[in-house]
Every structure is written in structure tokens, then in C-alpha cells.
2 protein chains.
Amino acid sequence: MKNFTPTGSCPVRDVLCRLGDKWSMLVLLTLNANGVMRFSEIHRTLGDISHRMLTVTLRMLETDGMIRREVYAEVPPRVEYRLTERGGSLLPHIFGLVEWAEANKEAILDGRRRS
Amino acid sequence: MKNFTPTGSCPVRDVLCRLGDKWSMLVLLTLNANGVMRFSEIHRTLGDISHRMLTVTLRMLETDGMIRREVYAEVPPRVEYRLTERGGSLLPHIFGLVEWAEANKEAILDGRRRS
DNA sequence: CGGTATCCTTTGAGATACTG
DNA sequence: CAGTATCTCAAAGGATACCG
């Protein structure tokens, strides 16, 4: 019987849980779709993320090396975000999930309504 | 500029958010690895999930048609869980993520330590 | 054994106001 | 414009006890 007890270093739990939050995936998707983006642009494309949660999410993604943050010493300040290679390498897997979700969406929502 | 504003029916947000919780993926993985399992067996293979959260997670996965639940009218009761076809069809995509996480784990944890 | 109900703590996340 | 700091509230999740 294969075990899934916490070993203290499970990559699923360590790494992926950070991506399972409300916004990380969407930030990666919009950066992938639109290339280099400013803070306010990302904010607009997501629409309903709060100012605060966007900064928090961006910081976490930066810490994990998924995105790169570049500050320009201008007034008013300009900050640009882009995917790193590591971030880009994750995207095909996300797309796999998205396609699966699209394919199974109807059936799943149907089942939820029934119960 | 491609947009990711909430359309009211985004499959990423509707369907995948249910899988982004603390336990769903692990339950699917253990069922995939071990086949038909009883409640208490799943409980043991995960180790640190609470009794309550396991029932909650199993109910959600059942509602979404990812697993099948079978109750046997015995004393003491026996309840068996197994993956459905739909649940199984998701697993390759999860494995994709797991492999990515394994490949990038060191670098990511390293980066976190540094910041 | 498997599940439910209750209570309680912790975390996630929005609103708002302020700063360089 | 981008970011930080508080405050607040809601949801997630654990502990415990009880039921069929």
C-alpha cells in the first residue's frame, strides 16, 4: 500500500500549494498571454483582485522564481512583471488542467446541481 | 490585451478551485496508487488529515464525479472508495504538475531560503 | 467503522487609508 | 503608480464528542 503521509519534503505539498491559491495561476496566465505587464495592467486584466492581494501574489511568485520584477526609477514609478523561464515551463501543465476542466465542466456542474 | 476578468463561468475558477484545496489531489493520488480503499485506509495513507476533513473532501470529490462511494450494509459498516473514469482522466495532468514540482523543487526552496 | 455536529482557532482576503 | 499598514470579516480546517 503506497503511502502519502507527510514526509516533510513533498513537492506537491510544498510547491504546488502555493499555486493553488486564488490568484497565482491567473497571474501566470495573463503574463503568459500578454508578455511584459505593469502592475496596473495585471490588475485590470484580472478585474476583481484587490490591490493588496495582487502585491502579495506577485511577491510570492517572485520569491519562487516564477516571475521577474523590474523597477524603473521614474516618477511616477513604473514596475514591470514578466514570466521567467521557470514560470513559463509550468504553463503547459496548467494548460493541461484548463483543457481538462473545459472538457469536463458541463458534466461536473450538472452533477453539482443534482446534489 | 487578453483579459481574465471573471466571466461568471470560467472553468479554471469553477472546477479547478475545488481541486486546489488542501487534500483533494492527495486523495485522488492515493486512490490511483492503491485502487479500491476504505475510509480508514485513505485516512492512514494521508496521515495528518482530520477525520472531518476527509469526509468533507470525499463528499466533494463524489459530488464532482471524481470518485465513487459504495456502502456495504454490514456491521461494522464498510465503505469503499474508488476513482471514476473522470477522476482517472485528471490524473495524468496532476502527474504533469508533480513532475514539474519535483524537477523545480530544489531551486524554488533554495530561492525561498534566500529571501 | 464511518459519519455527523459542535466548537474553536487559524488563515485568506477585502476595504480603507497612508507613503515615496 | 506602486506599495505598505491596519482593521475587519468570512471561510478553512482541526479537535472533540457523539450516533447508527
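Within every chain, numbering begins at 1; the chains are lettered A, B, ... in the order of the sequence lines, protein sequences first and strands thereafter. Everything numeric in this text was worked out from a predicted model, so none of it was measured.
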N/O donor-acceptor pair under 3.5 Å between B:Thr84 side chain and B:Met66 backbone
yes

A:Ser89 and A:Pro92 have their tightest heavy-atom pair at O-CD, 3.5 Å

Pair up each side-chain donor or acceptor in residues 107-115 of chain A with any protein partner under 3.5 Å, not counting sequence neighbours, and list the distances.
{"residue": "A:Asp110", "atom": "OD1", "partner": "A:Arg113", "partner atom": "NH2", "Å": "3.0"}
{"residue": "A:Asp110", "atom": "OD2", "partner": "A:Arg114", "partner atom": "NH2", "Å": "3.2"}
{"residue": "A:Arg112", "atom": "NE", "partner": "B:Asp64", "partner atom": "OD1", "Å": "2.7"}
{"residue": "A:Arg112", "atom": "NH1", "partner": "B:Asp14", "partner atom": "O", "Å": "3.4"}
{"residue": "A:Arg112", "atom": "NH2", "partner": "B:Asp64", "partner atom": "OD2", "Å": "2.8"}
{"residue": "A:Ser115", "atom": "OG", "partner": "A:Arg112", "partner atom": "O", "Å": "3.3"}

Test salt bridge (charged side-chain N to carboxylate O under 4.0 Å, His left out) applied to B:Arg86 - qualifying residues, sequence neighbours left out
none

Contacting residues from residues 38-46 of chain B, given that a heavy atom lies under 4.0 angstrom of DNA chain C:
B:Arg38, B:Phe39, B:Ser40

Could you tell me from which nucleotide to which nucleotide of DNA chain C, 5' to 3', there is an atom under 4.0 Å from chain B heavy atoms?
C:dC1 to C:dT6

How would you list, by chain and number, every residue that makes a salt bridge (charged side-chain N to carboxylate O under 4.0 Å, His left out) with A:Glu74, sequence neighbours excluded?
A:Arg78

Partners meeting side chain to side chain donor-acceptor pair (under 3.5 Å) with B:Asp21 (sequence neighbours left out):
B:Ser24

Establish whether A:Val71 and A:Ile67 are linked, either directly or via other cluster members, by ILVMFWY side-chain heavy-atom contacts under 4.5 Å.
yes

Taking B:Met60 as the starting point, is it possible to reach B:Val27 by hopping between hydrophobic residues whose side chains are less than 4.5 Å apart?
no

Under a 4.0 Å heavy-atom criterion, DNA chain D is touched by chain A from D:dC1 to D:dT6

Any ion pair linking A:Glu80 and A:Arg69 (charged N to carboxylate O, less than 4.0 Å)?
no

Evaluate side-chain contact (heavy atoms from CB on, under 4.5 Å) for A:Ile94 paired with A:Asn32, printing each intermediate quantity in order.
CA-CA 11 Å; A:Ile94 299 184; A:Asn32 179 67; over 6 Å; no

Determine, stepwise, if the pair A:Thr45 / A:Asn34 fulfils side-chain contact (heavy atoms from CB on, under 4.5 Å).
CA-CA 10 Å; A:Thr45 62; A:Asn34 299 310; 4.2 Å; yes

Would one find more than 12 heavy atoms of other residues, nucleotides or ligands at under 6.0 Å from atom CD of A:Glu70?
yes

Nearest atoms (heavy-atom pairs only) where A:Leu16 meets B:Val98:
CD1-N, 4.4 Å

Derivation and outcome, side-chain contact (heavy atoms from CB on, under 4.5 Å), residues A:Val79 and A:Tyr72
CA-CA 6 Å; A:Val79 183; A:Tyr72 295 88; over 6 Å; no

Would you confirm whether B:Thr30, through its side chain, and B:Leu26, through its main-chain N or O, come within 3.5 Å as a donor-acceptor pair?
no

Quick check against the 3.5 Å criterion: does B:Asn104 have a side-chain atom that pairs as donor or acceptor with the backbone of B:Trp100?
yes

Where B:Leu61 and B:Leu19 come nearest, the two heavy atoms and their spacing
CD2-CD2, 4.3 Å

Taking five pairs at each end of the helix from C:dC1-D:dG20 to C:dG20-D:dC1, what angle separates the two helix axes (nearest 10°)?
40°

Could you list the donor-acceptor pairs under 3.5 angstrom formed by side chains in residues 35-43 of chain B, with sequence neighbours left out?
{"residue": "B:Glu41", "atom": "OE1", "partner": "B:Arg38", "partner atom": "N", "Å": "2.8"}
{"residue": "B:His43", "atom": "NE2", "partner": "B:Ile49", "partner atom": "O", "Å": "2.9"}

Near-strand residues of residues 18-34 of chain B, defined as heavy-atom separation under 4.0 angstrom from DNA chain D
B:Lys22, B:Trp23

If you take any heavy atom closer than 4.0 Å to DNA chain D, which residues from residues 68-84 of chain B end up in contact?
B:Pro77

Can you check whether A:Trp23 reaches A:Leu58 side chain to side chain, under 4.5 Å on heavy atoms?
no

Nearest-0.5 Å distance, CZ of residue A:Phe95 to CG of residue A:Leu90:
10.0 Å

Output the residues of residues 49-67 of chain B in contact with DNA chain D, where contact means a heavy atom of the residue under 4.0 Å from an atom of the strand; sort by number or write none.
B:Ser50, B:Arg52, B:Met53

